[in-house]
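Counting starts at 1 for both ligands and their atoms, following the listed order. Predicted model only: the values in this text are computed from it and were never measured. Throughout, residue positions are numbered sequentially from 1 according to the sequence presented.
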Amino acid sequence: MRILSGIQPTGTLHIGNYLGSVKQWSDMLNDSPEIEAFLMVVDLHAITVPQDPAVLRRKIYELLAIYLAAGFNPEKDNIFVQSQNPDHPYLGWIFNCITPFGWMERMTQYKDKKQKMEEYQNIVSVGLFDYPALMAADILLYDPDMVPVGADQKQHVELTRDIAERFNNIYGETFKVPEFRTNKETTNILDLQNPDKKMSKSDASAAGRIDLMDTPQGIQDKLKRAVTDSDNHVAYDPEKKPGVSNLLAIFSSATGKTVEELAQAYDGKGYGQFKSDIADAVVAFLSPLQEKINTYLSDLEQLDRIVNNGNERARELSSQKIALVADKMGLYHDGKKI
Ligand code: TRP
């Protein structure tokens, strides 16, 4: 059983990303050691919109440190950086050539991002449009059984399945069609300022999210200012009390207690104490993780070695797939004569 996923080294990873994806994957691997994982830092996807080079470089290392701190085992799990393996853009190009334009045009994430780029008066790059072909390559190079991703990536994984099937139909069985699994929505954590939308790592304002690297004081302040409602009564009711319910969900994730248990414990206590106790719980939950992340970041050469190992193992597999693809399509590759 093989799983594969990737995260973009952009924005600031927040507690919702961590609980909603990274942590779930590492728990799954710890529970089932027979699962083999491919975990990527997808820096080539990050540059589909403008990036500051120095920031990007830093974010790549940060994400590697976060993977390791979350408990992935670099001896067994293949942790690597997408741009280190040219097989990804190579296969991405091939997929460009077999994917109908109309399939890409339907992607809703592209439409959203295009609109954002236009609002900020940035260019809408061809890469932004074409991003799912590269994502399909990331996946199909390694024949994973399953691709765990957030719900916003469902359409891209479906497109990947369609591309795999199309290639297989034209050229014969080449790619495994992967299963799709969304991360558990129980940990769907909302924005502290606008609890009607998800906590977002790309939101310009940091006030709505708890970043993985936030200081204890920063966490206290953000929770203090979190939007609630005026009845000063702690209860779990996502419809009528979205702010308070979201705080309960965060509290629950940080402590392992259920939202019901916590709601009962704070029944009649008002929001002040409630918020300050949540902040303490979040700090207690994040500090050991932050310590590990910082330890990894203090030795970038060790991170380089881990990436190189992961990349070598990834490339062993991907190069076999590329040889097969070239062979099926009639592209030049060494040792194959007419
Ligand atoms: N597009 C994904 C996102 O923005 C990241 C990604 C790139 C990915 N390649 C992937 C996820 C391959 C899973 C598998 O979240």
Discussion item. List the protein residues in contact with ligand 1, where contact means a heavy-atom separation under 4.0 angstrom.
Written reply: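 Contacts of ligand 1 under 4.0 Å: L4, S5, G6, Q8, M40, V42, H45, Y131, M135, D138, I139, V147, V149, Q153.
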Worksheet item: Among pairs that include at least one residue of residues 117-127, which meet side chain to side chain donor-acceptor pair (under 3.5 Å), considering only residues two or more places apart or in two chains?
Response: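 Only K114-E118 qualify under side chain to side chain donor-acceptor pair (under 3.5 Å).
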Item to complete: Kindly write out the residues that satisfy ring-ring contact (aromatic ring centres under 6.0 Å, His included) with F72, not counting sequence neighbours, or none if the list is empty.
Response: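 F72 satisfies ring-ring contact (aromatic ring centres under 6.0 Å, His included) with Y67 once adjacent residues are dropped.
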Worksheet entry | side-chain contact (heavy atoms from CB on, under 4.5 Å), paired with V41, selected from V307, I66, L64 |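 Passing option: L64.
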Discussion item. Using salt bridge (Lys or Arg N to Asp or Glu O under 4.0 Å), reason through D214 and K222 one step at a time and then give a plain yes or no.
Written reply: CA-CA 10 Å; D214 273 350; K222 284 181 186 174; 2.6 Å; yes
Practice prompt. Would you please classify the geometry between the F129 ring and the F101 ring as parallel, tilted or perpendicular, with 30° and 60° separating the classes?
Written response: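 F101 and F129: tilted rings.
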Response to the item:
Applying side-chain hydrogen bond (donor to acceptor under 3.5 Å, both in side chains) to Y271 and not counting sequence neighbours gives D229, D231, K241
